[in-house]
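I have placed the structure first, in the form of structure tokens, so that the comments after it can refer back to it.
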Number of protein chains: 2
Amino acid sequence: MAITPEGRSAPTLRDVAEVAGVSFKTVSNVLNDHPQVREATRVKVLAAVEQVGYRPNLAARNLRLGRSGVIGLAVPELSQAFFAQLADEVIRIAAEQDLVVLVEQTGGERERELEALRNPRLSLTDGLLLAPLGLTHEDLAPDAAGRPLVVLGEPLFPGPVDHVTMQHEAAARAATAHLLALGRRRVVLLGAHAAEDTGVAALRYAGYRAALADAGLPVDDGLVVPIETWDRQRGAEAMGRVLDAGVRMDAVFAMNDDLALGALRSLQERGLAVPRDVALVGFDDVADGRYTFPSLTTVEPGRHDIARIAVTMLRERIDDRPRGDLGPRVVAPDFRLVVRESTGAEVRARRA
Amino acid sequence: MAITPEGRSAPTLRDVAEVAGVSFKTVSNVLNDHPQVREATRVKVLAAVEQVGYRPNLAARNLRLGRSGVIGLAVPELSQAFFAQLADEVIRIAAEQDLVVLVEQTGGERERELEALRNPRLSLTDGLLLAPLGLTHEDLAPDAAGRPLVVLGEPLFPGPVDHVTMQHEAAARAATAHLLALGRRRVVLLGAHAAEDTGVAALRYAGYRAALADAGLPVDDGLVVPIETWDRQRGAEAMGRVLDAGVRMDAVFAMNDDLALGALRSLQERGLAVPRDVALVGFDDVADGRYTFPSLTTVEPGRHDIARIAVTMLRERIDDRPRGDLGPRVVAPDFRLVVRESTGAEVRARRA
DNA sequence: TTGAAAGCGGTACCAC
DNA sequence: GTGGTACCGCTTTCAA
């Protein structure tokens with residue numbers, strides 16, 4: 001075993017070979033399950049491996065193979081429950097496929113998302129799953145990443161790259177329709193984005209309008225509340241402003257759960273009962289909404305499928321890299337409207 | 001530029017050298033900011049780098065350097081807000097130090113935590129941050145990881161390895177004392193662990209008892225509620241059982257925020273007012289507690305410091321590896337009791 | 001069935 | 001200042 005001045009260095013294939021009394025190539029054959037190795041040698045080698053405590057050097061293997069078994073996942077931030085849960089799923093599914101995940105945070109800023117695409121620190125990954133907020137589809141134009149890429153969430157069509165997205169519009173429409181079906185007529189929309197015509201906000205807004213149209217109702221601009229950053233604080237503040245302004249309403253559709261939970265607080269803070277006075281629906285099905293009181297009706301966007309499909313697609317890209325004959329694909333898994341107490345599902349308030 | 005049968009392969013140092021008309025070693029010198037390079041060559045080389053679109057191959061560099069710039073982070077799961085926020089901080093701080101983070105999930109199971117220690121898939125990391133739930137300190141005994149290791153959260157003393165932990169006992173004591181200072185006398189403790197004498201639960205329990213003792217109050221075993229897994233559902237169920245059993249109480253100290261938020265729901269579901277009827281304190285300062293209604297009083301365990309110290313310690317271990325003269329260290333940053341509405345801070349309910 | 005030798009793409013020591 | 005050369009540890013033809 002090689003001893004360096006700095007101390008004991010890790011045993012290598014050669015060390016194992018020496019102990020086993022074979023060539024180091026044979027050791028490699030054994031470890032890689034090559035078909036032709038006599039059982040006797042195999043046993044002998046494995047014993048030697050055990051004895052010297054051999055651990056393969058992945059850096060060397062990666063260099064040789066040109067693949068690392070690592071994929072990158074770039075999300076705005078893990079503090080946002082949706083992305084944390086997405087990362088959870090991705091890591092879990094990747095692990096099933098013997099992939100390991102390097103997580104990067106972009107803050108949702110375009111600059112850093114671009115950097116994630118090019119970042120040399122990430123170049124040891126075989127491919128990248130990117131959940132962008134600030135990117136436009138021009139940014140992705142010509143193989144921007146220099147390696148396999150799958151975009152999550154944002155439907156930056158017509159993209160030259162694979163997308164795993166959501167049925168933003170259809171789901172928003174279903175959510176709004178659910179409120180209308182309860183007889184609500186003045187549905188506040190929380191989270192519109194001003195100058196955006198193709199992003200997530202625009203699509204969900206379109207779904208909202210479609211549902212109103214289906215019901216023969218006009219869009220009341222006074223009910224459409226723009227909020228750029230979809231977090232709880234903004235949700236609470238915006239809801240507060242709307243309420244304090246005396247806007248009449250009987251329902252709220254928030255573009256994500258964080259906004260919805262912020263809004264819920266503001267509603268309750270002002271003594272309004274949910275869902276009696278105001279029914280509330282969110283989007284994302286983040287865990288926090290399940291044990292609030294009332295629990296939150298929301299859209300489950302198919303997070304599990306998104307993660308599974310994304311990892312699978314990326315892996316196909318990685319394997320296909322040499323040939324490159326896969327066209328860009330866009331997939332949006334089925335969503336599910338999860339009806340809970342905030343729109344009247346079995347509210348079980350006792351006493352009171 | 002090397003062309004393989006499979007297509008264009010990435011340009012290497014040699015390709016750059018050829019274009020620049022220098023030896024590939026010179027290119028390496030330029031890229032590594034070696035002191036002695038003439039400005040002219042440097043410019044020439046950089047132009048060539050640009051021209052051929054050279055991107056360094058990290059696998060090769062890692063092999064040569066024996067370091068990858070990647071650290072591992074193993075947590076139970078990112079779906080738990082506390083760990084997601086911890087991961088957020090760790091990734092952020094690591095990025096500041098030009099480290100990148102590979103995230104692994106253990107489910108909090110001892111087997112998988114052990115696997116994370118040994119996992120060859122992780123062997124391309126320079127070191128590991130491990131947040132264990134199931135490990136005992138014997139598991140960590142003799143350099144179990146085979147590489148630098150820092151343990152987060154659990155104080156598995158007397159550990160032979162670095163720990164960054166929390167002031168579990170002192171913080172729990174402060175939290176309980178806060179409730180007692182409000183005049184509450186029957187404080188339910190949510191989340192005790194049965195057969196555990198040294199883990200997090202035991203330490204927080206000790207803090208709870210200490211605060212009671214400080215106030216000259218006895219421990220009422222009827223108020224100590226065991227819950228093994230600290231999630232919202234369990235918190236809600238346990239709280240529900242206690243309430244339905246008619247146990248008298250005027251406060252709850254939950255061992256973490258998830259339990260507290262679950263409990264909050266059960267309290268409200270039964271028409272009890274928080275904090276009027278029951279005051280509530282959690283532990284962790286997870287983001288979800290800030291915009292519930294009422295917002296949640298909790299312990300901020302110094303998460304930011306924990307992340308920063310952990311990354312720094314790990315980095316020291318990595319750099320020190322050859323010498324190995326650092327003794328194991330244990331650090332527990334300052335905590336902070338964050339008083340919010342669930343213990344009566346400026347409840348601003350309007351109307352109602 | 002086993003072994004020798006040639007790299008994978010860099011870095012670093014040490015001449016020139 | 002610049003460049004030769006060895007080598008990090010492993011995989012993979014190709015011989016033996």
Side-chain angles (χ1 to χ4, degrees), chain A residues 1-6 8-18 20-45 48-49 52-69 120-121 123-124 126 322, chain B residues 1-6 8-18 20-46 48-49 52-69 120-121 123-124 126 321-322:
Chain A
M1 179 179 314
I3 306 278
T4 73
E6 288 107 341
R8 254 156 113 279
S9 87
T12 73
L13 276 187
R14 272 99 172 164
D15 301 316
V16 176
E18 196 173 320
V22 299
S23 93
F24 84 92
K25 170 53 180 132
T26 302
V27 179
S28 170
N29 281 340
V30 170
L31 294 181
N32 291 288
D33 288 323
H34 266 258
Q36 282 109 329
V37 272
R38 213 182 323 151
E39 188 55 24
T41 11
R42 140 181 240 81
V43 170
K44 195 166 54 177
V45 167
V49 163
V52 306
Y54 170 76
R55 317 278 299 281
N57 178 323
L58 289 218
R61 162 177 291 164
N62 295 346
L63 172 58
R64 186 65 239 222
L65 259 37
R67 302 206 300 105
S68 63
R121 287 186 338 208
S123 84
L124 54 87
D126 295 335
Chain B
M1 181 180 312
I3 306 279
T4 72
E6 287 106 342
R8 255 156 112 278
S9 87
T12 73
L13 275 187
R14 272 96 174 161
D15 300 316
V16 176
E18 196 173 321
V22 297
S23 93
F24 87 91
K25 174 53 179 119
T26 301
V27 179
S28 169
N29 283 340
V30 170
L31 295 180
N32 290 288
D33 289 323
H34 267 256
Q36 283 111 327
V37 272
R38 212 184 323 153
E39 188 56 22
T41 18
R42 144 184 237 79
V43 170
K44 196 167 53 179
V45 167
L46 290 178
V49 163
V52 307
Y54 168 76
R55 318 275 304 278
N57 177 324
L58 288 220
R61 161 180 291 164
N62 295 346
L63 172 59
R64 184 64 242 217
L65 259 37
R67 302 203 296 104
S68 63
R121 286 187 339 208
S123 84
L124 54 89
D126 295 335
R321 175 138 57 162

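Lettering follows sequence order; numbering is per chain, from 1.
- The nucleotide whose nearest atom lies closest to any side-chain atom of A/N29 is, among C/dT2, C/dG10, D/dT2, C/dT2.
- Comparing D/dC10, C/dC8, C/dG10 by their nearest atom to the side chain of A/L63 picks out C/dC8.
- In this structure, CZ in A/R61 is found 6.0 Å from CG in A/N32, a value given to the nearest 0.5 Å.
- For B/K25 against C/dA12, a side-chain N or O and a base N or O form a donor-acceptor pair under 3.5 Å.
- Sequence order on DNA chain D of the closest nucleotides to A/L31 and B/R42 puts B/R42 first from the 5' end.
- The backbone N or O of B/R67 lies less than 3.5 Å from no partner atom in the side chain of B/D126, so there is not a single donor-acceptor pair.
- Judged by atom type and distance alone, B/R61 does not reach the base of C/dG9 through any side-chain donor-acceptor pair under 3.5 Å.
- In terms of phosphate contacts, A/S23 brings a side-chain nitrogen or oxygen within less than 4.0 Å of OP1 or OP2 of C/dG3.
- Here the side chain of B/V22 is nearest to one of D/dC10, C/dG3, D/dG3, namely D/dG3.
- Set against C/dG10, D/dG9, C/dT1, the side chain of A/T41 has C/dT1 as its closest nucleotide.
- Counting atom types as modelled, A/R55 pairs no side-chain N or O with a base atom of D/dG9 as donor and acceptor under 3.5 Å.
- Distances shown here put a side-chain N or O of A/S28 below 4.0 Å from the OP1 or OP2 atom of D/dT11.
- Side-chain atoms of B/N62 never come within 3.5 Å of backbone atoms of A/A59 as a donor-acceptor pair (strictly under, hydrogens ignored).
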